[in-house]
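Okay, so here's the structure we're looking at.
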Amino acid sequence: MSNKNEGLSLLYRIRWRATWLLLHVAGPASLPEHLDPRSRMERERAAKVARAQRAKQAKEAGRL
């Protein structure tokens with residue numbers, strides 16, 4: 001699994017992509033970065049992946 005998908009289930013990734021595409025097609029027009037729902041989704045996904053990577057590193061560090 002690539003680093004950008006670490007900690008994300010297949011169902012989450014499918015649902016996330018479908019929502020992102022719907023927002024792209026039928027969502028609001030141009031909004032500032034802090035108000036854009038697609039940008040918010042991308043930030044939340046990146047945070048979720050970062051948490052999973054930190055948990056994996058902590059688990060591996062505990063084993064050593």
Side-chain angles (χ1 to χ4, degrees):
M1 187 179 298
S2 71
N3 286 340
K4 69 178 186 171
N5 291 325
E6 188 170 340
L8 305 176
S9 70
L10 179 61
L11 182 59
Y12 174 86
R13 289 181 287 160
I14 292 170
R15 190 179 130 261
W16 187 90
R17 178 59 65 188
T19 304
W20 190 91
L21 287 171
L22 284 172
L23 285 171
H24 181 71
V25 173
S30 303
L31 290 175
E33 183 76 21
H34 67 284
L35 295 175
D36 186 15
R38 286 183 298 148
S39 296
R40 178 183 46 84
M41 286 179 63
E42 291 165 357
R43 288 190 304 270
E44 290 171 355
R45 181 182 172 127
K48 191 170 189 165
V49 169
R51 281 192 306 272
Q53 288 173 343
R54 284 193 304 272
K56 182 179 176 182
Q57 290 172 349
K59 185 178 177 181
E60 289 175 353
R63 269 194 257 169
L64 298 177

Could you grab the distance from atom CD of Gln53 to atom NZ of Lys4, nearest 0.5 Å is fine?
13.0 Å
Working for side chain to side chain contact (heavy atoms under 4.5 Å, CB included), residues Ile14 and Leu10
CA-CA 6 Å; Ile14 292 170; Leu10 179 61; 3.9 Å; yes
Taking side chain to side chain contact (heavy atoms under 4.5 Å, CB included) as the definition, give me every residue that meets it alongside Glu44, ordered by chain and number, with sequence neighbours left out.
Arg40
Would you find more than 12 non-hydrogen atoms of other residues, nucleotides or ligands less than 6.0 Å from Arg15 atom CZ?
no
Would you please name every residue forming a side chain to side chain contact (heavy atoms under 4.5 Å, CB included) with Gln57, sequence neighbours left out?
none
Checking Asn5 against Val49 for the side chain to side chain contact (heavy atoms under 4.5 Å, CB included) test, could you report, in this order, the C-alpha distance in whole Å, the side-chain angles of both residues, the deciding distance, and whether it holds?
CA-CA 7 Å; Asn5 291 325; Val49 169; over 6 Å; no
Taking the six-membered ring of Trp16, is NZ or CZ of Arg13 closer than 6.0 Å to its centre and within 45° of its axis?
no
Working to the nearest 0.5 Å, report the span between CG of Leu23 and CE of Met41.
6.0 Å
Side-chain contact test, heavy atoms from C-beta onward, threshold under 4.5 Å: evaluate it for Thr19 versus Pro37 and give yes or no.
no
Hydrophobic cluster membership, with links at side-chain heavy-atom distances under 4.5 Å among I/L/V/M/F/W/Y: are Leu22 and Tyr12 in one?
no
Residues which pass side chain to side chain donor-acceptor pair (under 3.5 Å) with His34, listed by chain and number, not counting sequence neighbours
none
Please report the C-alpha distance between Glu6 and Lys48 in whole Å, then the side-chain angles of each, then the deciding distance to 0.1 Å, and finally whether the side chain to side chain contact (heavy atoms under 4.5 Å, CB included) criterion is met.
CA-CA 9 Å; Glu6 188 170 340; Lys48 191 170 189 165; over 6 Å; no
